[in-house]
2 protein chains.
Amino acid sequence: MHDSKDFLSELQGRGFRLTRARKAIVTFLACIDAPQSIPEILEALRKKGLLFNKTTVYRELAFLVKEGVAKEVRVSDEKRYYELAGEHHHHTICMRCGDIRDVLFRENLLHVERVLLERDGFRVLEHSLEFFGLCSVCKS
Amino acid sequence: MHDSKDFLSELQGRGFRLTRARKAIVTFLACIDAPQSIPEILEALRKKGLLFNKTTVYRELAFLVKEGVAKEVRVSDEKRYYELAGEHHHHTICMRCGDIRDVLFRENLLHVERVLLERDGFRVLEHSLEFFGLCSVCKS
DNA sequence: TGACAGATGCAACTCAGTTGCGTTAATATG
DNA sequence: CATATTAACGCAACTGAGTTGCATCTGTCA
């Protein structure tokens, strides 16, 4: 649960417009705690009577990522998922119902990233750590 | 670099046929150390004069995963990548040239998975840990 | 209130992946 | 070696995510 006002006024402060689509998308992402795919966002907004062209939503999400307001979650079920930016965290993905949830824990991967740089010459800029399994509902 | 003969004779031992497509795909994956997408596999085989219908390759990869011979790599650039099964490892993905490489290191995520089960009721069956950044070529 | 540029909608597109169905070919058996 | 069985194959047509060009609209500011 984020505060959409923060993100929107931040964007406005940088000289971007507060359009109907921008407000709707940021507000929607702010009040939901799970990463959402664009088809999901389109459908959820449509159910609220907020109709947008899919091109608009694709472009808006690309814009929000570029401006650092949203993050793309790499989960690979051939859709791309998005969530508002916040503290670095990871995800659990239920292999049965597809539910994706944020999980926070202190995990120290810095030593691994140092090894990758020194041994392989690979400079890590970000990582993704996702856990696949069964959520509490599907497990039982 | 795997030995394709091991995988193929294993499959034959289980009563599956050694078809032209099966041999070509397993052999190709065995002699390349990076996960490959299906369009990449199709193109690489085509260049060797080995023509297959894309449906065949999609079905063959699904079969190899089901039989435990191949693994699907979740990297989410909207394509699915495949590699022959082997020791559990992770990947580095260059954000500039797209190069994907295997990396092995001992990483202990068991305590994290225990926390997820006890605290959230989420039973981890597998995880993916991918590092995005710049490879040694693109970095300089 | 008018103008500018950022944002939008639409149509047409690309490309990964899927499905149904008739045909081919790898293997076992006589 | 001939033949039968069925796993595997090829083809065509499809779905669905994501993209692009272009004309139009609208949020903001002077």
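Residue numbering restarts at 1 for every chain, and letters A, B, ... go by the order of the sequence lines.
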Are Ile38(B) and Tyr81(B) connected into the same hydrophobic cluster when the rule is that any two of I, L, V, M, F, W, Y join if their side-chain heavy atoms are below 4.5 Å apart? no
For Phe122(B) and Arg101(A), what are the C-alpha separation, side-chain angles and deciding distance, and is it a side chain to side chain contact (heavy atoms under 4.5 Å, CB included)? CA-CA 10 Å; Phe122(B) 188 92; Arg101(A) 291 188 181 275; over 6 Å; no
Can you sort out the partners of Glu83(A) under side-chain hydrogen bond (donor to acceptor under 3.5 Å, both in side chains), two or more places apart, ordered by chain and number? His89(A), His91(A)
Should Val57(B) and Val73(B) be regarded as members of a common hydrophobic cluster, given that ILVMFWY residues are connected when their side-chain heavy atoms come within less than 4.5 Å of each other, either directly or indirectly? no
Tell me whether Val115(B) is reachable from Leu125(B) by hopping between hydrophobic residues (I, L, V, M, F, W, Y) whose side-chain heavy atoms are closer than 4.5 Å. no
What are the 5'-most and 3'-most nucleotides of DNA chain D lying under 4.0 Å from any heavy atom of chain A? dA17(D) to dT28(D)
Can you see whether Phe52(B) has Arg46(B) sitting over its ring - NZ or CZ less than 6.0 Å from the centre and within 45° of the normal? no
More than 12 foreign heavy atoms under 6.0 Å from NZ of Lys47(A): is that the case here? no
Validation row, ring centre His88(B) to ring centre His127(B) under 6.0 Å: yes
Leu84(A) side, atom CG; Thr27(A) side, atom OG1 - distance, nearest 0.5 Å: 9.5 Å
Do Ile100(B) and Val137(B) share a hydrophobic cluster (ILVMFWY, side-chain heavy atoms under 4.5 Å, transitive)? no
Strand contacts (DNA chain C) in residues 22-48 of chain B, 4.0 angstrom heavy-atom criterion: Pro39(B)
Name every residue in residues 51-67 of chain A that has at least one heavy atom under 4.0 Å from any atom of DNA chain D, in order of residue number, or write none if there are no such residues. Lys54(A), Thr55(A), Tyr58(A), Arg59(A)
State whether Tyr58(A) and Arg80(A) meet the cation-pi test: NZ (Lys) or CZ (Arg) under 6.0 Å from the six-membered ring centroid, and within 45° of the perpendicular axis. no
Scan for side chain to side chain donor-acceptor pair (under 3.5 Å) pairs involving residues 1-12 of chain B, sequence neighbours excluded, and state none if there are none. Glu10(B)-Arg14(B)
Could you list all N or O pairs between the protein and nucleotides 27-30 of chain C that sit under 3.5 Å apart?
| unit_1 | atom_1 | unit_2 | atom_2 | d |
| --- | --- | --- | --- | --- |
| dT27(C) | OP1 | Gln12(B) | NE2 | 3.4 |
| dT27(C) | OP1 | Leu18(B) | N | 2.7 |

